[in-house]
Amino acid sequence: MKLIFEISQRHRHAAVQAPRPTDISLDIPKELRRTSEPQWPEVSELQVVRHYTQLSLRNFSIDTNFYPLGSCTMKYNPRGVHKLAMTREFLQRHPLAPVEQSQGFLSCAYDLQQMLASICGMAAVSLTPMAGAQGEFAGVAMIRAYHQDRGDHGRTEILCPDAAHGTNPASAVMCGYTVKELPTGADGNTDLERLKAMVGPQTAGIMLTNPSTLGVFDQNIKEVARIVHEAGGLLYYDGANLNAILGKVRPGDMGFDVIHLNLHKTFATPHGGGGPGSGPVGVSQRLKPYLPIPMVTRDEQGYRWLTEQDCPKTIGRLSTFMGNAGIVLRAYIYCRLLGKDGLHRVGEFATLNANYLMVKLQQAGFTLAYPQRRASHEFIITLAKQAKNLGVNAMDFAKRLLDYGVHAPTTYFPLLIPECLLIEPTETESKEELDRFIDIMIALLDEAQNTPETLKNAPHSLPVRRLDDVKAARELNLTWQPGE
Amino acid sequence: MPYIPHTEHDIQTMLETIGVTGIQELFDEIPKALRIESLEGIPEGLGEMDVSRLMLEKAAQDRRGVCFIGAGAYEHHIPAAVWDIASRGEFMTAYTPYQAEASQGTLQLLYEYQTMMAHLLSMDVSNASLYDGASALAEAVLMAVRANRHSHSKRILVLGSLHPHYLQTVQSIVRAQQIEIEVIPFSAQQGTVDPATLAAYDQQDITALVIPQPNFFGGLEAVDALTQWAHAHKALTIAVVNPVAMAVLKEPGQWGDSGADIACGEGQPLGIPLSSGGPYFGFITCKQEYVRQMPGRIIGCTVDSNGKRGFSLTLQAREQHIRRSKATSNICTNQGLAVTAATIFMSLIGFDGLKKVAENCYANTHRLESLLTQISGVERLFTGPYFHEVALRLPCKVEPVLQQLLAADIQGGIDISPYYDSLKQENALLVCATETKTDADLVYFAEQLKRALHSTV
Amino acid sequence: MNHVPSELRYSKSHEWVRLEGNGIAIVGITDHAQSLLGDLVYVELPEVDTSLKAGDEAGVVESVKAASDVYTPVSGEILEINEALATAPELVNDDPYGHGWLFKIQLDDENELEELLDSDGYEEMIAADDH
């Protein structure tokens with residue numbers, strides 16, 4: 001398909017989209033003025049509409065495809081939520097608008113803070129982090145602020161399981177910590193003996209996901225919390241997998257001191273082709289003074305902002321205004337639609353779907369990474385056997401699934417399971433859709449045995465075949481130039 | 001059940017397949033003491049109709065009247081096609097384009113976005129976006145520390161005329177990495193930084209200099225002289241710019257003899273609604289030589305196994321999912337949907353249109369300034385040229401005046417005195433009038449301000 | 001089977017060292033290391049004149065799906081780096097012990113080489129890793 005620049009014609013404008021020329025001439029010194037014109041497209045409105053509509057058709061999305069992408073919780077994003085969040089008054093509210101003209105938005109943010117705190121079993125929540133990774137940063141920064149505030153300066157290490165998301169160690173390093181990798185036990189639980197050996201007066205905290213990225217619930221969690229707390233460290237909960245336990249278990253009850261949530265996963269806000277996300281943080285009582293600003297509070301006059309004046313120990317501001325407010329609004333609306341019973345059922349049906357899929361795939365001949373364990377909301381199959389015997393690897397399966405109109409599961413993560421697919425169906429998929437996926441997987445297994453080339457060369461039916469990533473990285477072409 | 005499609009029959013069949021008697025049994029690996037039976041503190045669920053009513057009631061409590069607030073977020077006209085197309089499920093409900101073959105729509109769009117941003121700023125390369133303007137600057141500072149191999153001090157100079165929230169954000173994000181942020185005071189007359197002030201740092205090891213253009217007060221910094229100073233002292237130049245202003249102001253790639261090294265800023269003015277501060281998107285661009293230090297996702301053009309053009313994420317080995325604790329940043333997402341809207345916006349409006357927007361913003365704010373300064377006691381706080389925002393001095397405290405304007409359905413700007421020690425004694429108001437304001441709006445504002453001052457002074 | 005020349009010395013982190021005489025050595029990564037990484041797309045090298053201790057990070061080799069630190073197996077001062085790798089990182093894949101060398105180093109102490117693995121030792125190590 002052509003680039004928008006390649007359908008451009010000199011002096012063609014979408015005239016109705018620009019304001020009228022002005023009669024004031026710019027009184028700006030010449031040396032501060034722009035002199036060149038950038039190579040931007042010059043196209044009509046219809047050309048723009050058609051170009052981007054056609055581009056959209058070259059995407060997989062939840063609205064068009066089953067998306068069993070482990071760790072990403074690709075559930076249905078309700079249309080009603082989007083439509084209401086796009087109400088004119090919400091869109092037109094300036095972030096610095098006076099609180100008198102903001103009570104509607106502020107009340108939603110305040111109520112969401114309260115609801116998320118209840119859901120997680122935490123004392124307080126700040127909504128400002130703009131994505132999961134920024135929530136992680138905020139969480140670890142609060143752990144750091146807590147230790148420093150107590151004059152406990154010897155704590156320089158954060159522990160992360162070897163199966164952790166890459167953002168965990170990266171966030172800890174951004175907060176000035178050294179990361180120590182904690183090995184996982186053979187059953188998928190934290191190895192308590194190794195943990196005991198690794199904690200000490202140097203331990204600032206531990207970052208955990210539970211259920212873990214291996215798709216199992218860490219049964220030792222209370223013991224982990226005890227060991228880390230006794231060593232003087234704090235526990236950080238990566239909320240990536242909260243969908244598995246929503247309404248069933250609260251991270252606060254497990255002993256966690258700080259948590260971030262991914263509203264774009266558990267609370268069904270759209271992924272948008274890679275963002276915006278939103279990563280609110282919740283904390284136990286002792287970390288409350290350090291929460292990032294701004295937050296919303298309520299007093300006799302109504303709702304108002306909490307800023308640095310109210311929270312002198314805050315880790316500070318993480319965005320120009322208050323993070324991804326529009327996403328916060330969507331999560332609020334989602335919570336109101338589902339209510340307490342609806343939210344409670346999310347974890348149940350996400351788990352039901354995952355376990356059903358896991359059992360059926362095992363029956364079909366696939367190898368589970370943890371066959372003796374229940375699936376949480378996701379599970380792992382390993383194709384190590386197929387890779388060795390048939391020369392067909394996890395990537396080949398993933399690419400071939402695309403031909404069948406199914407988005408590939410997460411591949412090659414977590415790193416410690418060879419040739420793995422991490423599969424998360426979510427609660428919004430019907431049994432028919434799961435059965436269709438199982439049939440496709442069986443067909444793929446058959447292809448792997450009989451016509452392995454079909455897999456190795458997949459995909460066959462998409463707009464492009466497999467792309468040359470090596471060329472992309474060696475001969476960087478990141479910007480279109482005229483004449484290309 | 002909301003958004004759960006299972007029939008009772010489905011549930012029974014699935015449970016039998018798994019070999020359990022009820023859903024609760026699926027949670028049997030979770031210690032009993034930890035399990036809860038129901039969620040407290042959450043209201044009962046509502047149907048879509050009832051939630052609609054609730055949300056419209058809430059919306060009615062927000063925004064009335066005319067907005068003259070800028071300060072980092074600007075009201076611009078957004079063509080209807082922008083969000084109509086961006087809200088297509090194929091864009092809105094897609095995941096990060098890791099599976100390139102199933103994401104060519106998003107990937108090509110992001111490549112087009114990177115191209116438009118790089119060309120707008122006359123920089124070599126752009127990434128696929130960061131969270132917002134302030135956090136993009138924080139990433140730019142971290143990037144400069146990695147990229148400037150001549151400097152070992154990790155000292156960053158920031159013009160004092162930078163948006164105060166940007167400064168605060170940078171400080172909270174880089175604090176733990178022993179990076180020192182030093183603020184250069186702005187001139188009390190000009191509201192901009194006199195490049196001669198930098199002479200105090202002539203003999204020192206400086207990693208980078210942060211230059212906002214326009215600055216927080218709408219004023220225009222001497223970008224050439226500042227960039228020259230930075231380069232003469234082996235410091236990198238980080239530009240923080242408003243993308244709409246770039247239609248008329250000298251773009252970072254042209255600053256000084258060799259251009260800014262990194263240019264970043266807030267993308268909101270490019271088709272993103274005000275929406276309480278987000279989701280917006282941050283942009284970051286740089287010279288080719290620093291591309292490997294650039295954080296976040298980057299899209300490259302390549303070919304498929306048949307030699308056909310295609311697009312994919314590239315330079316991923318710098319990112320957290322591969323490099324883990326050694327990644328350039330912990331950043332994982334970009335603001336894909338906002339960037340989708342911005343790309344459609346830029347295509348629709350074209351550079352010619354963007355220039356008209358910029359000129360109208362300039363014209364409206366200057367007209368407003370001339371109307372307001374005709375009121376007795378109202379004058380400009382600073383001299384010197386400005387773009388589409390201007391700081392005014394009122395004859396009395398700002399807050400009560402804003403309250404009175406509010407009663408007349410005017411959001412009359414913001415009180416900036418509390419942000420700066422040097423302005424604490426001033427009654428400083430920052431106002432902005434974009435292309436969305438009519439002559440009647442401007443006149444009405446002037447009338448109401450006059451009335452408010454009359455009753456307050 | 002990966003090529004392991006017998007005249008070189010090896011580190012556990014898969015670098016090789018060749019003594020050039022006059023206390024100068026050349027360092028690269030092994031055939032085994034390059035084959036594990038796959039097609040390299042970028043090589044980051046130390047700056048000339050920097051002094052490094054054995055075990056210090058001396059650069060990064062990057063493929064599409066992995067990035068791996070390079071550690072200098074010996075202490076000394078960097079004399080020269082392989083500039084060709086800036087535009088042709090594939091040299092490391094194609095000729096890891098020849099045109100794909102990484103840097104030249106002025107050794108602080110030639111005896112350090114004795115602490116490294118010989119080719120038999122390195123072959124044993126990678127054979128053990130495979131199981």
Side-chain angles (χ1 to χ4, degrees), chain A residues 14 17-19 22 24 38-40 48 55-56 58-63 80 84 87 89 91-95 103-104 118 130-131 133 166 169-171 173 175-176 179 270 272-277 316-317 320-321 324-326 339-340 342 356 430-431 462 464-465 467 472 477-480, chain B residues 2 5 10 14 39 41-42 44-45 48 55 58-59 61-63 69 79 89-90 92-94 96 101-102 104-106 115 118-119 125 131 134 168 172 176 273 275-279 300-302 304-305 310 312 314 320-321 324-325 327 330 332-333 335-337 347 351 353 356 360 363 435:
Chain A
Q17 301 310 348
T22 155
I24 290 190
Q39 289 285 334
W40 270 21
V48 172
L55 272 187
S56 78
R58 294 159 80 88
N59 267 1
F60 276 36
S61 67
I62 303 177
D63 280 6
L84 289 169
T87 302
E89 287 79 1
L91 293 185
Q92 292 193 345
R93 188 186 160 268
H94 192 285
Q103 291 295 301
S118 308
M130 290 178 285
S171 300
V173 167
C175 291
V179 175
R317 182 179 280 285
T320 317
F321 300 108
N324 286 331
K340 69 192 280 196
Y356 175 72
S430 65
K431 178 172 173 294
L462 274 82
V464 290
R465 304 291 297 272
L467 291 158
N477 172 350
L478 313 179
T479 315
W480 175 83
Chain B
D10 290 340
M14 292 168 83
L39 280 167
I42 312 287
E44 296 295 332
E48 192 177 285
M55 293 313 293
K58 285 185 183 288
Q61 298 173 36
D62 286 5
R63 173 72 194 272
I69 309 173
E90 297 91 335
M92 192 167 71
T93 73
T96 304
E101 300 86 350
Q104 285 299 298
T106 292
T115 300
H119 288 176
V125 287
Y131 303 136
Q168 291 167 18
S172 18
S275 52
S276 293
C301 179
T302 182
D304 73 0
S305 53
S312 69
T314 192
Q320 48 74 27
H321 63 283
R324 301 177 75 83
S325 62
N330 72 339
C332 182
T333 55
Q335 299 281 101
L337 192 63
S347 301
F351 183 69
K356 289 202 180 86
N360 275 274
E435 88 285 6

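In the text below, chain A, chain B and the rest are named by the order of the sequence lines, each starting its count at 1.
Between the side chain of B:D62 and the backbone N or O of A:E89, no donor-acceptor pair lies under 3.5 Å. Between the side chain of B:T93 and the main chain of A:D63, a donor-acceptor pair closer than 3.5 Å is present. At distances below 3.5 Å, not a single donor-acceptor pair connects side-chain atoms of A:N477 with backbone N or O atoms of B:C301. When atom types are taken as modelled, the side chain of B:T333 and the backbone of A:G275 share no donor-acceptor pair closer than 3.5 angstrom. At distances below 3.5 Å, at least one donor-acceptor pair connects side-chain atoms of A:T320 with backbone N or O atoms of B:A134.
Ring-plane geometry between B:F351 and A:W40 is classed as perpendicular, the angle between the planes exceeding 60 degrees on a 0 to 90 degree scale with a lower cut at 30.
Separation of atoms CD1 (A:I62) and CE (B:M92) is listed at 9.5 Å; rounding is to 0.5 Å. Within the model, atoms CD of B:E90 and CG of A:L55 stand 11.5 Å from one another, a figure rounded to the nearest 0.5 Å. Rounding to the nearest 0.5 Å gives a distance of 7.5 Å between OG of A:S430 and CG of B:D10. Note that the CZ atom of A:R465 and the CG atom of B:D304 stand 7.5 Å from one another [nearest 0.5 Å].
Side-chain atoms of A:P276 and B:L337, non-hydrogen and from C-beta on, do get closer than 4.5 Å to each other.
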For B:Q104 and A:L467, what are the C-alpha separation, side-chain angles and deciding distance, and is it a side-chain contact (heavy atoms from CB on, under 4.5 Å)?
CA-CA 11 Å; B:Q104 285 299 298; A:L467 291 158; 3.5 Å; yes

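Between B:S172 and A:G316, the shortest heavy-atom contact is OG-C, 3.9 Å. A:S118 approaches B:I42 most closely through the heavy-atom pair CB-CD1, 4.5 Å. A pairwise comparison of heavy atoms in A:A325 and B:S275 identifies CB-O, 3.7 Å as the closest pair. The minimum heavy-atom distance between A:T22 and B:A363, with the atom names listed, is OG1-CB, 3.4 Å. Here the shortest heavy-atom pairing between B:Y131 and A:A133 reads OH-CB, 3.8 Å. Closest approach of B:Q335 and A:M130 over heavy atoms only: OE1-O, 4.5 Å.
Heavy-atom distances place both the backbone and the side chain of A:L91 under 4.5 Å from chain B. Using a 4.5 Å cut-off between heavy atoms, B:A118 contacts chain A through its side chain alone, with no backbone atom that close. For chain A, the nearby parts of B:E101 are the backbone and the side chain; heavy atoms of each come within less than 4.5 Å.
Counting heavy-atom pairs under 4.5 Å between each of A:Q39, A:R317, A:Q17 and chain B puts A:R317 at the top. Taking B:S312, B:P279, B:P79 one by one and counting their heavy-atom pairs under 4.5 Å with chain A, the maximum is reached by B:P279. The greatest number of non-hydrogen atom pairs below 4.5 Å with chain A, out of B:G353, B:P2, B:A59, is found for B:A59. With chain B as the partner, the residue from A:R58, A:Q92, A:Q103, A:H94 showing the most heavy-atom pairs under 4.5 Å is A:H94. The candidate from A:N59, A:V173, A:I24 with the greatest count of non-hydrogen atom pairs under 4.5 Å with chain B is A:N59. When the candidates A:G274, A:G326, A:A170, A:P270 are compared by the number of heavy-atom contacts under 4.5 Å with chain B, A:G274 comes out ahead. Heavy-atom pairs under 4.5 Å with chain B peak, among A:A18, A:G273, A:A131, at A:G273. Between chain A and the options B:G277, B:P5, B:A94, heavy-atom pairs under 4.5 Å are most frequent for B:A94.
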